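First up is the structure itself, then whatever we jot down about it.
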Amino acid sequence: QAGETFNIQSPKQLGVILFEKMHLPYAKKTKTGYSTAADVLEKLAEEAPIVQDILSYRQLAKLKSTYADGLHAFIAKDGRIHGTFNQMVTATGRISSTDPNLQNIPVRTKLGRELRKVFIPRDGYVFVDADYSQIELRVMAHISGDEGLLRAFREGRDVHRATASEVFGVDIEHVTSQQRRMAKVINFGLIYGMSAWGLRQNLGVEKGVAEHYIEQYFARYPKVKRYMEDIRNQARTHGYVQTAFGRRLWLPDIASSRIPVQKAAERAAINAPMQGTAADLIKKAMVAVQKWLQETGAKSRLILQVHDELILEVPEEEVETVREALPRLMSGVAELKVPLVAEVGVADNWEAAH
DNA sequence: GCGATCAGCGG
DNA sequence: CCCTCGCTGATCGCG
């Protein structure tokens, strides 16, 4: 379709083909040339059929190289993958995973999820998998003390739906799936310390619209706004912020004369107490689970943590005990202003247990 | 063989 | 202000 041979895996060569030979309109540039990132190509898919083929190729190539072939190379003689977990890498106190990274196994697309089916327990065992429901947002409700957010969680509401209702000014039962999807992006944006610019990129909305959503959000959840102002000031005054348990993140860049550097430190100041408290909570849960396993003499073993999720390999005879204990231990690690909820699943592969 | 760059995966 | 972070794979230029 390009009329010549080129390396489809080279963004540089692809850029020349699409934007110089085929004269497609380029939306974005990188430091060194044209951007061929997925969000750019998606906008061009209608203009030229080759673009959709490239996106499809990219998806399949990613799954094959990083996950199918990549994970295969790590299978040990015992048939298992033994990754490495690092406790001293991230700014927020999360753990990270390498060789391979077991914390970014695909889940969001149907084809990607297929890869999770290759993770299976040993004979006679199953996986018991529990994940915290909306843990960072619950921590945000706790730390900020915002009444609207606290009420949403105490009443067991769908928090993205509740946010959509507030931000778009519609009754909760009239929230459209589109509005809920956008509210979810806003909520994640807040958690990950995303700027209005980043939110705009993510939502693909017009200039000013993202700012308007953020304005609406803060009007409806005023103590969240207050929290963000207070934490910024605390970072400036003391040079650090802390999690609900007092673990500190030092932010020397908060006083930088370079404004972008300072802004980055401010986003970290806002984000770290939420993500860091969530990291503290699941570490407490891991300790509680391990203690419980030892005290009860269980054969079950904790085999993986993925930020808000714990996966145990459990012999059939312990399934009912662990299915009850795991979410109870996770919920019980701390008494916050909102309940901590953990949802549990049992299956003979990771995809089905999640 | 190494580092920079781009791209894409998860929470 | 090229703006979330940490990780991995492919390409490309360099020595």
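Quick note on labels: first sequence line is chain A, next is B, and so on, each numbered from 1. The structure presented is a predicted model; accordingly, all values stated were derived computationally and were not measured.
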Terminal contacting nucleotides, 5' and 3', DNA chain B versus chain A (heavy atom, 4.0 Å):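 Both ends considered, the range comes out as B:dT5 to B:dG11.
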Distance, rounded to the nearest Å, where [X] contributes [atom1] and [N] contributes [atom2]:
X: A:Arg58; N: C:dT8; atom1: CZ; atom2: C1'; result: 16 Å
X: A:Asn271; N: C:dC5; atom1: CG; atom2: C1'; result: 9 Å
X: A:Asn187; N: C:dT4; atom1: CG; atom2: P; result: 17 Å
X: A:Ile259; N: C:dC2; atom1: CD1; atom2: C1'; result: 17 Å
X: A:Gln103; N: C:dG6; atom1: CD; atom2: C1'; result: 9 Å
X: A:Asn202; N: C:dT4; atom1: CG; atom2: P; result: 9 Å
X: A:Arg200; N: C:dT4; atom1: CZ; atom2: P; result: 13 Å
X: A:Met274; N: C:dT4; atom1: CE; atom2: C1'; result: 12 Å

With clusters built from Ile, Leu, Val, Met, Phe, Trp and Tyr whose side-chain heavy atoms come within less than 4.5 Å, directly or transitively, what are the remaining members of the cluster of A:Val170, listed by chain and number?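 The other cluster members (ILVMFWY side chains, heavy atoms under 4.5 Å, direct or chained) are A:Val175.
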Please state the P separation for the pair C:dT4 and B:dA7 - nearest whole angstrom. 16 Å
Picking from A:Lys29, A:Lys12, A:Glu20, what satisfies side chain to side chain donor-acceptor pair (under 3.5 Å) with A:Tyr34?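 Output: one option passes, namely A:Glu20.
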Which of these passes side chain to side chain donor-acceptor pair (under 3.5 Å) with A:Arg94: A:Gln305, A:Gln275, A:Gln87, A:Gln103?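 Between A:Arg94 and the candidates, side chain to side chain donor-acceptor pair (under 3.5 Å) is satisfied uniquely by A:Gln275.
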Pair A:Thr98, A:Asn86 - check side-chain contact (heavy atoms from CB on, under 4.5 Å), show working. CA-CA 8 Å; A:Thr98 63; A:Asn86 202 317; 6.0 Å; no
Whether A:Lys284 engages the ring of A:Phe245 as a cation-pi pair (distance to the six-membered ring centre under 6.0 angstrom, angle to the ring normal within 45°) should be assessed.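 Geometry flag: set, cation within 6.0 Å and 45°.
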Under 4.0 angstrom, heavy atoms only, what part of the nucleic acid is [X] near: base, sugar-phosphate, or nothing?
X: A:Ile191; answer: nothing
X: A:Lys31; answer: sugar-phosphate
X: A:Asp69; answer: nothing
X: A:Ala278; answer: nothing

Checking side-chain contact (heavy atoms from CB on, under 4.5 Å) for the pair A:Val224/A:Met140: CA distance, chi angles, key distance, verdict? CA-CA 8 Å; A:Val224 174; A:Met140 186 163 85; 4.1 Å; yes
First of A:Lys29 and A:Pro100 reached from the 5' end of DNA chain C, by closest nucleotide: A:Lys29
DNA chain C-proximal residues of [range], any heavy atom under 4.0 Å:
range: residues 132-146 of chain A; answer: none
range: residues 260-269 of chain A; answer: A:Pro260, A:Arg267
range: residues 85-97 of chain A; answer: A:Val89, A:Thr90, A:Ala91, A:Ser96, A:Ser97

Residues 211-218 of chain A side chain polar contacts: donor-acceptor under 3.5 Å, at least two apart:
{"unit_1": "A:Glu211", "atom_1": "OE1", "unit_2": "A:Gly208", "atom_2": "N", "d": "3.3"}

For residues 312-323 of chain A, tabulate all N or O donor-acceptor pairs below 3.5 Å that involve a side-chain atom, not counting sequence neighbours.
{"unit_1": "A:Glu313", "atom_1": "OE1", "unit_2": "A:Arg80", "atom_2": "NH2", "d": "3.0"}
{"unit_1": "A:Glu313", "atom_1": "OE2", "unit_2": "A:Arg80", "atom_2": "NH1", "d": "3.1"}
{"unit_1": "A:Glu313", "atom_1": "OE2", "unit_2": "A:Arg122", "atom_2": "N", "d": "2.9"}
{"unit_1": "A:Glu318", "atom_1": "OE1", "unit_2": "A:Lys299", "atom_2": "N", "d": "3.3"}
{"unit_1": "A:Glu318", "atom_1": "OE1", "unit_2": "A:Ser300", "atom_2": "N", "d": "3.0"}
{"unit_1": "A:Glu318", "atom_1": "OE1", "unit_2": "A:Ser300", "atom_2": "OG", "d": "2.5"}
{"unit_1": "A:Glu318", "atom_1": "OE2", "unit_2": "A:Lys299", "atom_2": "N", "d": "2.7"}

Could you name each residue pair satisfying side-chain hydrogen bond (donor to acceptor under 3.5 Å, both in side chains) that touches residues 341-351 of chain A, not counting sequence neighbours?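 As it turns out, the side-chain hydrogen bond (donor to acceptor under 3.5 Å, both in side chains) pairs with a partner in residues 341-351 of chain A, which skip direct neighbours, are A:Asp129-A:Trp350, A:Glu309-A:Trp350.
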A:Thr36 versus A:Arg58, side-chain donor and acceptor atoms under 3.5 Å: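 On atom types as modelled, these side chains qualify, holding a pair under 3.5 Å.
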Do A:Asn187 and A:Thr163 have a side chain donor and acceptor closer than 3.5 Å?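 Per modelled atom types, A:Asn187 and A:Thr163 side chains form a pair under 3.5 Å.
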Electrostatic pair A:Lys117-A:Glu114, nearest N-O below 4.0 angstrom: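 Result for this pair is yes, salt bridge flagged.
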Is A:Arg180 paired with A:Asp158 through a side-chain N to carboxylate O contact shorter than 4.0 Å? yes
Can you tell me if [X] uses its side chain to pair, donor with acceptor, with the backbone of [Y] under 3.5 Å?
X: A:Ser165; Y: A:Arg161; value: no
X: A:Thr243; Y: A:Gly276; value: no
X: A:Arg138; Y: A:Phe153; value: no

Applying salt bridge (charged side-chain N to carboxylate O under 4.0 Å, His left out) as the test, list every pair that has at least one member in residues 247-259 of chain A; sequence neighbours left out.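 Sorted result for residues 247-259 of chain A: A:Arg247-A:Asp280.
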What does the 5'-to-3' dot-bracket notation of DNA chain C look like when only Watson-Crick and G-U wobble pairs under 3.5 Å count, and pairs to other strands show as |? ....||||||||||.
Report, as a single string ordered 5' to 3', how protein heavy atoms within less than 4.0 Å touch nucleotides 10-15 of chain C: B base, S sugar-phosphate only, - not at all. SSSS--
Qualifying ring pair (Phe, Tyr, Trp, His ring centres under 6.0 Å) pairs with a residue from residues 256-295 of chain A, counting only residues at least two apart or across chains: none
Considering all heavy atoms of both residues, which atom of A:Leu293 and which atom of A:Arg301 are nearest to each other, and what is their separation?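 In this case the closest contact between A:Leu293 and A:Arg301 is CD1-CA, 4.3 Å.
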